[in-house]
Amino acid sequence: MTDDNLLPFCFPAVRRKKITAAFDGGRISSDGGVMLLAQADRRLGVVERLAQAIPDARDPDRITHLLPDILRARIFAIACGYEDADDLDRLRFDPAFKLACGRLPDSGRNLCSQPTVSRCENAPDLRDLIRLMRVMVDLYCASYTKPPDAVTLDIDDTVDVVHGHQQLSLFNAHYDERCFLPIHIYDTATSRPVAVLLRPGKTPSGTEIRGHLRRLVHRIRRHWPQTRITIRGDGHYGRPEVMQWCDENDIDFVFGLPGNTVLNRLVDATADDIRTRRALDQKPCLRGFAETSYRAKSWHIDRRACARIEATTKGLDIRFVVTSIETGSAEHIYQTLYCARGQAENLIKLHKAQLASDRTSCRSPLANQMRLILHTAAYWLMLTVRDAIPKAHGLATAEFHTLRLRLLKLGTRVIEMASRVRLAFAAACLDSSLIRHIAAALMPTGP
């Protein structure tokens, strides 16, 4: 049968010279930057850590692809924008991917295919996934060279729309979709992921949130017994069970607090003053802050509530937060501390939209949780590559999609010789100096 890829085709002539093309350039990869991901994996050891947490029940005499090789190929593919397992049916022959996974581009065995990846994703049971989640928390703690004095962990959920009959999917009236609502937890000061949990498409209860936080903090405390931990989230995480648990375990918190007539009455004097001054000065907007002591019926003690009061030509807008932090002004608590949780939304976008972690199409929730772990591992690799970029460079704060286009999607000729393998990148590569710098920065120091 004729291979159409080898047949030439034409483009419009340029200056009366005919242009023909064919896919016969040889061993050229369009993802030469995957080698940077391989170096990031060697730096972190994330693939080996995950593989050690999964028992391999296969017959050793019949194994073609080791578990670390399967995970490595899948995670590298996700980071390069190939979020579906069946993409490996083509990538398994790619010379750059083979080289990044530790196999020679020509003489080495091809990588695993989609059926092998799918079996791997569906193999872990609940206990295996618990160990894998612990590995991700351990990886986060190990990312600090020494225990920090304090960390702030942002917790939030995001909608993951489903289109089949996946277990745990529920209809959510707010989103008008059948969906999951996975919980994401990040250290937003460093953009590092801490945990990603698949869960049903409904608002979490206080008991559920308390259980997740209890297990997470217990694992972190094994590494950092003296670190001050602050939990930050929006209104539906400020449940009585969660705040009481934080009090009992010496954990600080800042949560959004839905307003009501009682809270509005407690800050009415300040609100009236702000509204009056705005009207007298004829300003389009005037903002102020206030704090009060408040105790809801379901709370066992009085708590500090801080309010952001904003008067505009359209009326008065008041937002509240509740916190266990006793120091700092109301303005600092709301404006500086609480509003910083908006960065968590950007990190969720990197995880969900730019690494396609919403591809949770497996029927089993265990397999879908496994996919979230693999996408989180890809997040770690992309973050490690970005952290190797000099802070003054324009890509030091770039999103993952930009990094993928500039650093990973590189046309590369892969040449295997008798004693070495040579990668020939394009001479016109715009980021050649930066790629050289990242490769040197991620070079392992040991053997």
Side-chain angles (χ1 to χ4, degrees), residues 144 146-156 185-192 194 206 209-210 213 216-217 220-221 224-260 262-275 277-278 285-296 298-311 316-347:
Y144 282 85
K146 64 179 182 179
D149 295 329
V151 293
T152 300
L153 304 182
D154 282 282
I155 181 171
D156 202 358
I185 303 176
Y186 294 91
D187 178 353
T188 52
T190 58
S191 300
R192 295 167 185 168
V194 183
I209 299 168
R210 180 183 61 189
L213 292 178
L216 174 63
V217 171
I220 294 176
R221 286 291 188 215
W224 304 336
Q226 304 300 325
T227 298
R228 191 72 185 175
I229 299 176
T230 300
I231 306 296
R232 183 168 55 192
D234 61 16
H236 68 267
Y237 288 95
R239 304 301 180 88
E241 300 90 343
V242 177
M243 292 188 286
Q244 183 174 349
W245 177 85
C246 288
D247 292 337
E248 295 170 352
N249 291 272
D250 197 27
I251 304 293
D252 286 328
F253 61 83
V254 182
F255 294 124
L257 180 63
N260 55 50
V262 176
L263 281 168
N264 290 340
R265 186 170 62 250
L266 291 174
V267 298
D268 185 63
T270 305
D272 186 63
D273 176 66
I274 294 173
R275 179 169 47 200
R277 286 191 288 113
R278 188 214 66 81
C285 177
L286 183 62
R287 174 178 290 192
F289 299 87
E291 67 174 86
T292 184
S293 179
Y294 175 69
R295 180 175 182 175
S298 57
W299 299 357
H300 67 290
I301 60 173
D302 291 347
R303 299 192 181 278
R304 184 187 185 191
C306 300
R308 186 270 288 157
I309 306 169
E310 188 172 86
L316 200 63
D317 180 58
I318 306 177
R319 302 292 177 90
F320 294 92
V321 298
V322 57
T323 181
S324 63
I325 301 174
E326 299 178 354
T327 59
S329 64
E331 180 178 0
H332 172 77
I333 294 295
Y334 189 94
Q335 191 86 354
T336 303
L337 186 57
Y338 179 71
C339 287
R341 64 169 294 276
Q343 176 63 11
E345 300 287 345
N346 296 327
L347 302 183

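For Asp149, there are no salt bridge (Lys or Arg N to Asp or Glu O under 4.0 Å) partners two or more places apart in sequence or in a different chain. For Asp187, there are no salt bridge (Lys or Arg N to Asp or Glu O under 4.0 Å) partners, not counting sequence neighbours. Applying the side-chain hydrogen bond (donor to acceptor under 3.5 Å, both in side chains) rule to Asp273 yields the partners Arg277; only residues at least two apart in sequence or on another chain are considered. For Asp247, the salt bridge (Lys or Arg N to Asp or Glu O under 4.0 Å) partners two or more places apart in sequence, or in a different chain, are Arg303. Remark: Asp268 pairs with no residue by the side chain to side chain contact (heavy atoms under 4.5 Å, CB included) rule, at least two apart or across chains. Not counting sequence neighbours, Arg278 has no partner by the salt bridge (Lys or Arg N to Asp or Glu O under 4.0 Å) test. With sequence neighbours excluded, no residue forms a side-chain hydrogen bond (donor to acceptor under 3.5 Å, both in side chains) with Arg265. Residues passing the ring pair (Phe, Tyr, Trp, His ring centres under 6.0 Å) test with Trp224 are Tyr140, Tyr144, sequence neighbours excluded. Scored by the ring pair (Phe, Tyr, Trp, His ring centres under 6.0 Å) test, Tyr294 finds Trp299 as partners (sequence neighbours excluded). Under the side-chain hydrogen bond (donor to acceptor under 3.5 Å, both in side chains) criterion, Asp234 pairs with His236, sequence neighbours left out.
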Could you list the donor-acceptor pairs under 3.5 angstrom formed by side chains in residues 328-338, with sequence neighbours left out?
{"from": "Ser329", "atom 1": "OG", "to": "His332", "atom 2": "N", "distance (Å)": "3.2"}
{"from": "Gln335", "atom 1": "OE1", "to": "Arg287", "atom 2": "NH1", "distance (Å)": "3.1"}

Which donor-acceptor pairs under 3.5 Å do the side chains of residues 340-347 make with protein atoms, sequence neighbours left out?
{"from": "Arg341", "atom 1": "NH2", "to": "Asp156", "atom 2": "OD2", "distance (Å)": "3.2"}
{"from": "Gln343", "atom 1": "OE1", "to": "Asn346", "atom 2": "ND2", "distance (Å)": "3.1"}

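Within a 6.0 Å sphere centred on CD of Glu326, other residues, nucleotides and ligands contribute 12 heavy atoms or fewer.
A donor-acceptor distance shorter than 3.5 angstrom exists from the side chain of Thr323 to the backbone of Phe253, with no hydrogens or angles considered. Using modelled atom types, no side-chain atom of Asn249 and backbone atom of Ile251 make a donor-acceptor pair closer than 3.5 Å. In this structure a side-chain-to-backbone donor-acceptor pair under 3.5 Å is missing from Arg319 to Ile309.
Using a 3.5 Å distance cut-off with no hydrogens or angles, the side chains of Thr227 and Arg221 do not pair a donor with an acceptor.
A side-chain contact (heavy atoms from CB on, under 4.5 Å) with Leu153 is found for exactly one of Leu213, Ile220, Val217, namely Ile220.
Across all their heavy atoms, Pro258 and Leu263 have their closest contact at O-CD1, 3.6 Å. Listed here is the closest heavy atom pair of Glu310 and Cys285: CG-SG, 3.5 Å.
Separation of atoms CE (Met243) and NE2 (His300) is listed at 9.0 Å; rounding is to 0.5 Å. In this structure, the separation between CD1 on Ile231 and CZ on Phe255 is 6.5 Å, given to the nearest 0.5 Å. Annotation: the span from Cys246 atom SG to Glu241 atom CD amounts to 11.5 Å, rounded to 0.5 Å. Atom-to-atom distance recorded for Thr270:OG1 and Glu291:CD is 10.0 Å, nearest 0.5 angstrom.
In this structure the side chain of Val151 reaches within 4.5 angstrom of the side chain of Ile229, judged on heavy atoms. A 4.5 Å side-chain heavy-atom check between Val194 and Leu216 finds at least one atom pair inside the cut-off. Side-chain contact between Arg304 and Ser293 is absent, with no heavy-atom pair separated by less than 4.5 Å. With a 4.5 Å cut-off on side-chain heavy atoms, Arg308 and Ile318 do not count as touching.
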